[in-house]
Chemist: 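Sharing a structure below in structure tokens format, with a few things to ask.
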Amino acid sequence: MSDVRVTVQRGQQAEERVVRAGTTAAELFDGERSVIAARVGGRQRDLAHPLAAGDVVEPITVDSPDGRAIVRHSCAHVVAQAVQDLFPKAKLGIGPPIQDGFYYDFDVERPFTPEDLKAVEKRAQEIIKSGQRFSRRVVTDDEARAELADEPYKIELIGLKSSAGDDAEASVEVGAGELTIYDNLDPKSGELCWKDLCRGPHVPTTRHIPAFAVQRSAAAYWRGSERNPQLQRIYGTAWESREALKEYQHRLAEAEKRDHRRLGAELDLFSFPTEIGPGLAVFHPKGGAIRTVMEDYSRRRHIEAGYEFVNTPHITKSDLYEISGHLDWFADGMYPPMQLDGGADYYLKPMNCPMHILIFRSRGRSYRELPLRLFEFGTVYRYEKSGVVHGLTRVRGLTQDDAHLFCAREQLPEELDSVLKFVLGLLRDYGLEDFYLELSTRPEGKAIGSDEEWAEATELLREAASKQDLELVMDEGGGAFYGPKISVQAKDAIGRTWQLSTIQVDFQLPQRFDMTYQAADGTRQRPFMIHRALFGTIERFFAILLEHYAGALPPWLAPVQVVGIPITDEHVPYLADVAAKLRERGIRVEVDSSDDRMQKKIRTAQKQKVPFMLLAGDEDVSKGAVSFRFRDGTQRNGVPVDEAVAEILDVVERRVQV
RNA sequence: GCCGGCGUGGCGCAAUUGGUAGCGCACUCGACUUGUAAUCGAGCGGUUAGGGGUUCGAGUCCCCUCGCCGGCUCCA
């Protein structure tokens, strides 16, 4: 056998190695237990892959993003094998790795019960322990069809591969080019235990799945279309170690504690009375206090940035949405109309833009007025499908902090740049720091306007986005029907991303509504329109902030900023005086004069996540002082009242977290 | 909209094989007056989401409706 020369690449370091021809990646990384696959010439391969002369080989370790995905993909196979062991009639769908885990879809006679899932997890554990080998085998389409005659969904995927090439939804199973089947072989006898159509790669044996858990089951449409049959999907997770799995489960528990629906009830912020209807929230006094601060600060900043405030009604005749085109696209998502005034259809308003356009159109407009920036906290109603309403993040009645900017063509680049800067600046003031931008382009098949208009609008947005010194991600086909959009994606305190602000360039509605202004040369010109929501919706942004801060809002946003806690009843009047001083300066302060003991009052305020507790007993009273207790449990005693007031005011005015 | 799960006082939970609803927190009243996360006692509060059925008897079993939860689809 001849020798071949290969390059082992580790990060920036490359190492030349001479090995026997036919040497596998596994042999190359012999003894490196964390290596579970390799990238050969840029393509992910099994460790059993034989190397060829000139190959550049990179190890893929189990704790890398690619490595985890491979472990999860392999674990999905094990779960599928377990399911078919326990439910021989189950037909396989697809089973890809996803963020933090994997799923596998099955066509089964009845949905899985919690007990079924326990049994599946147990069986999967046995399979993992048995150390079955993942063995790759290239097959022709016809061979695959013959072998998988009992797996109708797999057959369909093979058909997709030959017709559509690299179909995204089928890619994990069949990939592009050659078709492969992975056999799971018994380590001792070599006997075939299970097999699945799959592109791979996989870990060498099931023992290379260090830690996993079956999480839940849910229905999912085959190939993501509601016209297709529903399959039963099992979600699971897998990690490089038991510790990593534990940490992940801990993260899930933390996220659950931050759930805004839970915090909303615990902190008495809002509720969804069933008497009102799904997706229709009421804000309680404390939630109302937060909203008011959010809105007031936003208003102030909008005034500073040259916006003008408008107000528009909540219902309208259908004409508006016929002209705008919303009725063509979104009639299903609107509340059905009421017939009034002898036959006119009145709709609850699902969008503010047409109304703002009518304000623009209410009189002749001059170029001197542009850019005209109209802003409104506009409440709209959308008939979201019953299965999708979710806390405050997906509701049926919502308030957009909606602005429409009307400007001349040559003002667009400057206006887009400044609105992006404005948006990002304001989001930072609310405590979000980590952003990236997403550019959504024309949605195929459901868009109005010419290719040229779309291209121009998209390019304008791209230029504005590229000036912001932020990562820009493309979202092909994700735009609205009337124009492309930039969305601002923000990461929260536990690393989840939320789509917040959207900025859209719209060439269409100004045409549809025949908007004009008079230019300097006396001609009539068509204005350009930018749609912009900053929070997106107040309700949703409220929820995001609540989860970001885990309910412990920074003092400027906290519904109750200060609670006075007397050591005994005698000290209530003294604290009432302190509270009055704070209240005069606009601080939201309460004195707990209940007949609870002082310790209990501290506990109560702590659980309500109040930023400042001010305690006062004889010692403080005699010195004209108060004692601070902060949310983290630390305290500062004997602070002169004026100093305490000044400190609280300072923190609130600077909008910092404590 | 689709699939599955769930629905017990304001909140969190309990109630052996169907036998007639209980606890903690909160709330009200009383006592206590205390220096940094729960004082003690008493009391109020439920047609077990709503409706129908099976049964001598239903919170427990069956059906329908409503709502919530987890997903899918959707998201102007």
Side-chain angles (χ1 to χ4, degrees), chain A residues 103 105 108 110-114 116-117 215-235 259 261-262 265-266 268 271-279 321 324-334 350-354 380 382-391 393-395 398 400 402 443 446 478-483 485 499 502 504 506 509 531 533 536-537 540 565-572 594-607 613-620 627-631 633-638:
Chain A
Y103 65 79
D105 289 343
V108 281
R110 62 162 177 83
F112 297 110
T113 65
D116 292 340
L117 293 185
Q215 292 170 299
R216 60 176 160 275
S217 66
Y221 296 108
W222 168 239
R223 297 182 54 213
S225 168
E226 57 187 332
R227 292 187 304 276
N228 288 338
Q230 272 196 335
L231 307 181
Q232 292 300 313
R233 174 170 296 178
I234 292 182
Y235 284 92
D259 190 313
R261 295 166 297 185
R262 175 182 175 140
E266 284 173 3
D268 193 16
S271 60
F272 291 91
T274 56
E275 294 84 345
I276 297 179
Y321 296 106
S324 71
H326 285 102
L327 265 174
D328 291 340
W329 303 104
F330 297 109
D332 287 350
M334 292 165 66
M351 284 295 285
N352 300 302
C353 28
V380 299
R382 298 177 175 181
Y383 186 69
E384 301 285 4
K385 287 195 276 186
S386 64
V388 307
V389 293
H390 180 92
T393 57
R394 195 75 182 270
V395 287
L398 49 128
Q400 296 179 307
D402 208 1
K446 46 176 272 185
F481 72 88
Y482 51 75
K485 73 177 177 198
Q499 178 181 317
T502 59
Q504 297 169 304
D506 182 358
L509 291 185
H531 301 246
T537 81
R540 184 162 172 277
I565 297 178
I567 301 303
T568 77
D569 287 353
E570 292 166 35
H571 310 111
V572 170
S594 70
D595 53 8
D596 286 332
R597 297 177 68 189
M598 174 262 301
Q599 287 87 344
K600 179 61 182 297
K601 293 178 181 182
I602 289 169
R603 178 180 155 86
T604 302
Q606 193 87 41
K607 287 185 74 172
M613 290 176 224
L614 291 184
L615 282 77
D618 287 341
E619 287 174 38
D620 294 294
S627 294
F628 273 106
R629 180 187 164 102
F630 303 98
R631 279 193 291 223
T634 58
Q635 45 179 300
R636 213 162 77 237
N637 298 332

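Throughout, protein chains are lettered first and strands after them, A, B, ... in sequence-line order, and every chain is numbered starting at 1. A quick note: this is a predicted structure, and the numbers were derived from the prediction, not measured.
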Chemist: The test is side chain to side chain contact (heavy atoms under 4.5 Å, CB included); show your working for A:Ile602 and A:Ile565 and say whether it passes.
Modeler: CA-CA 7 Å; A:Ile602 289 169; A:Ile565 297 178; 3.8 Å; yes
Chemist: Hey, is the side chain of A:His390 poking within less than 4.0 Å of OP1 or OP2 on B:rG71, counting only N and O atoms?
Modeler: no
Chemist: How long is the straight-line distance from CZ of A:Arg216 back to OH of A:Tyr235, given to the nearest 0.5 Å?
Modeler: 7.0 Å
Chemist: Please give me the minimum heavy-atom distance between A:Pro354 and A:Met351, naming the atom from each residue.
Modeler: CD-O, 4.0 Å
Chemist: Mind listing the closest non-hydrogen atom pair of A:Ser324 and A:Leu509 along with its distance?
Modeler: O-CD2, 3.4 Å
Chemist: I'd like a list of close polar pairs between nucleotides 39-47 of chain B and the protein, N/O only, cut-off under 3.5 Å.
Modeler:
| unit_1 | atom_1 | unit_2 | atom_2 | d |
| --- | --- | --- | --- | --- |
| B:rU39 | O4' | A:Arg597 | NH1 | 2.9 |

Chemist: With under 30° as parallel and over 60° as perpendicular, where do the rings of A:Phe330 and A:His326 fit, or are they tilted in between?
Modeler: tilted
Chemist: Using a cutoff of under 3.5 Å, can you pull out all pairs of nitrogen or oxygen atoms linking the protein to nucleotides 72-74 of chain B, with atom names and distances?
Modeler:
| unit_1 | atom_1 | unit_2 | atom_2 | d |
| --- | --- | --- | --- | --- |
| B:rC72 | O4' | A:Ala219 | O | 3.2 |
| B:rC72 | O2' | A:Tyr221 | N | 2.9 |
| B:rU73 | O2' | A:Glu226 | OE2 | 3.2 |
| B:rU73 | O2 | A:Lys385 | NZ | 3.0 |
| B:rC74 | O2 | A:Arg394 | NH2 | 2.6 |
| B:rC74 | N3 | A:Arg394 | NH1 | 3.2 |

Chemist: Expressed in angstrom and rounded to an integer, what is the separation of A:Arg261 atom CZ from B:rG12 atom C1'?
Modeler: 17 Å
Chemist: Which heavy atom of A:Ile567 sits nearest a heavy atom of A:Gly617, and at what distance?
Modeler: CG1-CA, 3.3 Å
Chemist: For the pair made of CG in A:Asp402 and P in B:rA76, what is the distance, rounded to whole Å?
Modeler: 13 Å
Chemist: Looking only at atom C1', what distance separates B:rC23 and B:rG30, rounded to whole Å?
Modeler: 23 Å
Chemist: Distance from A:Met613 atom CE to A:Thr604 atom OG1, nearest 0.5 Å?
Modeler: 9.0 Å
Chemist: Check this for me: A:Arg110, atom CZ, are more than 12 non-hydrogen atoms of other residues, nucleotides or ligands nearer than 6.0 Å?
Modeler: yes
Chemist: Look at the side-chain N and O atoms of A:Ser386 and state whether any lies under 4.0 Å from the OP1 or OP2 oxygen of B:rG1.
Modeler: yes
Chemist: For A:Trp222 versus A:Asn228, what's the shortest heavy-atom pair and its separation?
Modeler: O-ND2, 2.8 Å
Chemist: Nearest of B:rA76, B:rU33, B:rU36 to any side-chain atom of A:Ser627?
Modeler: B:rU36
Chemist: Using a heavy-atom cut-off of under 4.0 Å over every strand shown, decide if A:Gly333 touches base, sugar-phosphate, or nothing.
Modeler: base
Chemist: For A:Pro350, report the nucleic acid contact type (base, sugar-phosphate, nothing); a contact means any heavy atom under 4.0 Å.
Modeler: base
Chemist: Run the numbers on A:Lys601 and A:Ser594 for side chain to side chain contact (heavy atoms under 4.5 Å, CB included), then give the verdict.
Modeler: CA-CA 8 Å; A:Lys601 293 178 181 182; A:Ser594 70; 3.6 Å; yes
Chemist: Which residue lies toward the 5' end of RNA chain B, A:Cys353 or A:Gln635, if each is placed at its nearest nucleotide?
Modeler: A:Gln635
Chemist: Has the side chain of A:Ser217 got a donor or acceptor that lies under 3.5 Å from a partner of the other kind on the base of B:rG4?
Modeler: no
Chemist: Taking any heavy-atom pair under 4.0 Å as a contact, classify A:Pro114: base, sugar-phosphate, or nothing.
Modeler: nothing
Chemist: I need the CZ-P distance between A:Arg603 and B:rC25, as an integer number of Å.
Modeler: 10 Å
Chemist: Taking only the side-chain nitrogens and oxygens of A:Arg216, find out if one of them lies under 4.0 Å from OP1 or OP2 of B:rG4.
Modeler: no
Chemist: Taking atom P in both B:rG1 and B:rG18, compute the distance separating them and give it to the nearest angstrom.
Modeler: 35 Å
Chemist: Which pair of non-hydrogen atoms, one from A:Val395 and one from A:Gly391, has the smallest distance, and what is that distance?
Modeler: CG1-O, 3.1 Å
Chemist: What nucleic acid atoms does A:Tyr482 come within less than 4.0 Å of, heavy atoms only: base, sugar-phosphate, or nothing?
Modeler: sugar-phosphate
Chemist: At 4.0 Å (heavy atoms only), tell me whether A:Gln232 reaches a base, stays on the sugar-phosphate, or touches nothing.
Modeler: sugar-phosphate
Chemist: Given the P atoms of B:rG22 and B:rA15, what is the spacing between them in whole Å?
Modeler: 14 Å
Chemist: Could you check how far CD of A:Glu266 sits from P of B:rA26, rounded to whole Å?
Modeler: 14 Å
Chemist: Rounding to an integer number of angstrom, what distance separates B:rU20 and B:rU48 when you compare their P atoms?
Modeler: 15 Å
Chemist: How long is the line joining CZ of A:Phe330 and P of B:rA76, in whole Å?
Modeler: 5 Å
Chemist: Please report the shortest heavy-atom distance between A:Asp620 and A:Ser627, naming the atom on each side.
Modeler: OD1-OG, 2.9 Å
Chemist: Rounded off to whole Å, could you give me the CZ-to-P distance for the A:Arg262 and B:rG12 pair?
Modeler: 10 Å
Chemist: Any chance you could lay out the side chain to side chain contact (heavy atoms under 4.5 Å, CB included) test for A:Leu398 and A:Arg540, step after step, and finish with the verdict?
Modeler: CA-CA 8 Å; A:Leu398 49 128; A:Arg540 184 162 172 277; over 6 Å; no
Chemist: Assuming nearest nucleotide by heavy-atom distance, tell me which of A:Arg636 and A:Ala480 is located more 5' along RNA chain B.
Modeler: A:Arg636
Chemist: The side chain of A:Asn637 is closest to which nucleotide in this list: B:rU36, B:rU33, B:rA37?
Modeler: B:rU36
Chemist: With rounding to the closest Å, how many angstrom separate the C1' atoms on B:rA14 and B:rG9?
Modeler: 14 Å
Chemist: Determine the Euclidean distance between corresponding C1' atoms of B:rU54 and B:rG12; express it in Å to zero decimal places.
Modeler: 33 Å
Chemist: After noting the C-alpha distance and the side-chain angles of A:His531 and A:Lys485, does the key distance pass the side chain to side chain contact (heavy atoms under 4.5 Å, CB included) rule?
Modeler: CA-CA 9 Å; A:His531 301 246; A:Lys485 73 177 177 198; over 6 Å; no
Chemist: CD of A:Glu619 versus P of B:rU36: gap in Å, rounded?
Modeler: 10 Å
Chemist: Provide the distance between the two P atoms, one in B:rG59 and one in B:rU16, to the nearest whole Å.
Modeler: 13 Å
Chemist: What is the distance from CD of A:Gln400 to C1' of B:rC75, rounded to the nearest Å?
Modeler: 12 Å
Chemist: With rounding to whole Å, what would you report as the distance between B:rC25 and B:rC44 at their C1' atoms?
Modeler: 15 Å
Chemist: What stems, by residue range, does RNA chain B take part in, given at least 3 consecutive Watson-Crick or G-U pairs under 3.5 Å?
Modeler: B:1-7 with B:66-72, B:10-13 with B:22-25, B:27-31 with B:39-43, B:49-53 with B:61-65
